[in-house]
Each structure stands twice: as structure tokens, then as C-alpha cells.
Amino acid sequence: MFTENEMKRITQLSKQMEEAQTILPEILEILYEHKLFKVFAPNALGGLELSLIDGLKTFQQAGVIDGNVGWAVTIGSGGNMFIPLFNEKVCESYFIHKEAVIAGSGKFGVAKKGNGGYFIAGQWKYCSGADYATLFTMNCRVEGNDEIVTCSVPREMVEVIPDWNAFGLKATSSHSMKVENVFVKEEETFKFGSFQNKYELPVHSFPFMTFSEASFFSLCLGLTENLMHEAKTTLERKKEQLTLERYKVVKDKWTFFYEKEKNIEQQFYPLVSDLWEKHKKGSELQEDELTHFTAFCKEQSGELLQSAHILMRYFGMEAIMEKSPLNRAWRNLCTASQHAMLTP
């Protein structure tokens, strides 16, 4: 996915990104060049056209390198799921250029029916990628009938409110957006399940909630691996300062949790692969299958987080120093695990 030099550079800039509280332009260029905001976009629109499983592994790998980059890639590519929902010409204009990124929110604003479209207003929280998004999407309730319409608004018509102040994933620019009396044409709206163009891939008809759960869980696997890497690096650096007995205690604990994470990963991919293969064959996924998958993601993300908390107890003061890579990795995992798709 990345070259050795690119991975090294991203790691070098991790601290700087967190301090700047945004993905740096140099990193954005790397993501654009590797089409990592277009994981599930078709080749015809400049995308990678990956399968669901390959896309999930991409999210995990990005998270291993840096939590903020992993989140940016996961959220940015999640917007690819809207591609077949747009009017064809609108879709092409939105997605063809390499910097195309959607930021959005599932919260609700207000829409008033107008001639050929809607006048919309509202404020929406947690729009990850707001600093560099080229398009914003938002849900609105139509005045008078409570119909839900999902609108798309170009960047220049949106006010970004810089209010993302979480203790982890600080560089994801997950700010609020605001629009006031903006007119959105009918062809710039869409509805889930209503495909309007030729750009549909198999992943686009996969159940959206299950897609989201799988995406965030695969990212959490990567963030856990990132934390385990930083923990091992810290332990080896401090080895000479520890008694042999203490070193062995911490190393054994690290090994236990590393094997636990790998065991969870080995359960996850066959589970989601089974759903994916059934979907590709045209089989309708059963409610009990999807419910089981939801439960797995929620329960096992809790296990990953709990393991991280226990492991951090063995690293003393360095674990709580905000500028340490170990602390940053831990905070990023804690923050990602709070997403509604993964919480109990």
C-alpha cells in the first residue's frame, strides 16, 4: 500500500499532525496518489475498485501505521458507498478528480421544498475530514411531511465549525458543519437503495450498517496493532532499566494480548468473508446473521479496548504522558472504539 519511505514519513509526522490537529498536506498527497479515499470507487472514476475484504484490510493496514491516517482513509472511503446513488452527471462531477472526499453526518437538519429542489438549513456534528472534504452530505427532514432527504453540498457553500476536541484522533478534523438557507437541486439529493447510474460495484449493495461495522472494526484491529507495536518498542527501549524479572513479566503480558488480538482478527475475517461471499452470489443475508455480526463487532472491540487498558498499566508513567507515541496510540484506539457502530 505504502512504500517503506512513505510509511516512515507518516510515522515521523504523526506527532506533528496531532499538534496541527489535521492531516498534513504532505500526507494528503500520499493518500491521493494511492487513491486511498477511493478504495470502493470504480476504476472509471479513478478508484481502486477493491472488494469489501481487500478494502477492510486496507483500513486495518492504514491504522497500523497511524491512527489519524487510518481513520481518514476509512471515513473517506466510506463516502464511496454513495457513488451509485447520485444522478450520473452529478456523480461524475463529484468523484472524478483525485482529491474527491466526502464528509458528512447522519444527524438531521431541515429542508423546505422549493422549485426543483430544497432550501436546507442546520448544523451537523462529527464530519470527519472537514478540513479537506470537497463535498458534504447531510440528512434533512422535509417540512410538512417528515420525509427524509439526503443532500449534497459543495465545500464552498458550507461553514466548517472547528469544534472537534476529543482526546484522541485529534488530526481527523471531525468538526461540525453548518448551512443556512442553501438551495440544493433535486439531482443533488439521493436516497439509500435507489441507484441512479452505471457505477455500481458489488460492495455498494452490501448492507450499509454491516459495512460500517466491519469498516470500523477492521480499523480498530489496526489501531490495536499500532498500540502493540508502540508498547513493544517502549519495552525494548527500557529493557536495560528493568530487572530481568520485570522485563519478563511485561513481555509475557504483551505476548498474551498480542496473541489475543490475532485470535480476534482470525475470527473476524472469516465471519465477514462469509457474508461477503453470500452477498456476491446474490443470496439475501438473514437478519440473524447480521445480528450475530453486529454482536461480534461490539463485543470484540470491547475486548480489544479492555486488553489495551490492562496492558497500559504495565508501562507506568510513560503510558500517561500525552506526547508519547504509546499514549497517542492508546488514545486513538479509545476514541475510535467510541463510535456508535462499536459501543454496547
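Treat the numbers as computed from the prediction; the structure is a model and nothing was measured.
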- Answer yes or no for K57 and Y269: cation-pi contact, defined as NZ/CZ to six-membered ring centre under 6.0 Å and angle to ring axis within 45°. yes
Same apolar cluster (I L V M F W Y, side chains within < 4.5 Å links), [X]/[Y]:
X    : Y    : value
F256 : Y247 : yes
I23  : M1   : yes
I65  : F37  : yes
V90  : V182 : no

Answer yes when [X] and [Y] have at least one side-chain N-carboxylate O distance shorter than 4.0 Å, and no when they do not.
X    : Y    : result
E230 : K232 : no
E143 : K113 : no
E18  : K323 : no
K278 : E289 : yes
K260 : E303 : yes
E245 : K248 : no
E187 : K89  : no

Are the side chains of [X] and [Y] in touch, meaning some heavy atoms are under 4.5 Å apart?
X    : Y    : result
E49  : N43  : yes
S215 : L56  : yes
C151 : F136 : no
W164 : S176 : no
R155 : T134 : no

Counting only heavy atoms not in [X], do more than 12 sit closer than 6.0 Å to its [atom1] atom?
X    : atom1 : result
E180 : CD    : no
H309 : NE2   : yes
M209 : CE    : no
K280 : NZ    : yes
E4   : CD    : no
E159 : CD    : yes
R237 : CZ    : yes

Would [X] and [Y] count as a close aromatic pair, with their ring centres under 6.0 Å?
X    : Y    : result
F40  : H204 : no
F59  : F216 : no
F211 : F206 : no
F217 : F296 : yes

N/O donor-acceptor pair under 3.5 Å between [X] side chain and [Y] backbone:
X    : Y    : result
W71  : L169 : no
N197 : N87  : no
E188 : K185 : yes
S283 : H279 : no
S194 : K191 : no

Would you tabulate the side-chain donor-acceptor contacts of residues 95-109 under 3.5 Å, counting partners in other chains and residues two or more places apart, or write 'none'?
residue	atom	partner	partner atom	Å
H97	NE2	Y94	O	3.4
K98	NZ	E33	OE2	2.7
S105	OG	K107	N	3.1
S105	OG	K125	O	3.3

- Interatomic distance, I27 atom CD1 to L36 atom CG [nearest 0.5 angstrom]: 11.5 Å
- Note on the structure: When rounded to the nearest 0.5 Å, the distance separating CG of L13 from NZ of K8 is 12.0 Å
Distance-only polar pair, side chains of [X] and [Y], donor-acceptor under 3.5 Å:
X    : Y    : value
N263 : E259 : no
E225 : Y258 : no
T294 : E213 : yes
E6   : H34  : yes
Q60  : E265 : yes
N327 : R331 : yes

- Query: Would R328 and S14 count as a side-chain contact (heavy atoms from CB on, under 4.5 Å) if you check the C-alpha gap in whole Å, the side-chain angles of each, and the deciding distance to 0.1 Å?
  - Reply: CA-CA 9 Å; R328 182 166 59 247; S14 289; 3.8 Å; yes
- Query: What's the verdict on side-chain contact (heavy atoms from CB on, under 4.5 Å) for L305 and C334, showing C-alpha distance, side-chain angles and the deciding distance?
  - Reply: CA-CA 7 Å; L305 187 60; C334 290; 3.8 Å; yes
- Message: Exactly one of V39, L275, V203, T210 should register a side-chain contact (heavy atoms from CB on, under 4.5 Å) with L52. Which one does?
- Response: V203
Side-chain polar contacts of residues 337-344 - donor-acceptor pairs under 3.5 angstrom, sequence neighbours left out - could you list them?
residue	atom	partner	partner atom	Å
S337	OG	L333	O	2.8
H339	ND1	M341	N	3.0

- Message: Could you go through F82 and F190, starting from their C-alpha distance and side-chain angles, then the distance that decides it, and tell me whether this counts as ring-ring contact (aromatic ring centres under 6.0 Å, His included)?
- Response: CA-CA 8 Å; F82 303 152; F190 60 90; 5.2 Å; yes
- Item | E147 and R141: CA distance, side-chain angles, deciding distance, salt bridge (charged side-chain N to carboxylate O under 4.0 Å, His left out) verdict | CA-CA 6 Å; E147 175 191 355; R141 297 187 190 278; over 6 Å; no
- Task: Apply side-chain contact (heavy atoms from CB on, under 4.5 Å) to the pair L221 and V64, showing each step before the final yes or no.
- Result: CA-CA 8 Å; L221 286 172; V64 171; over 6 Å; no
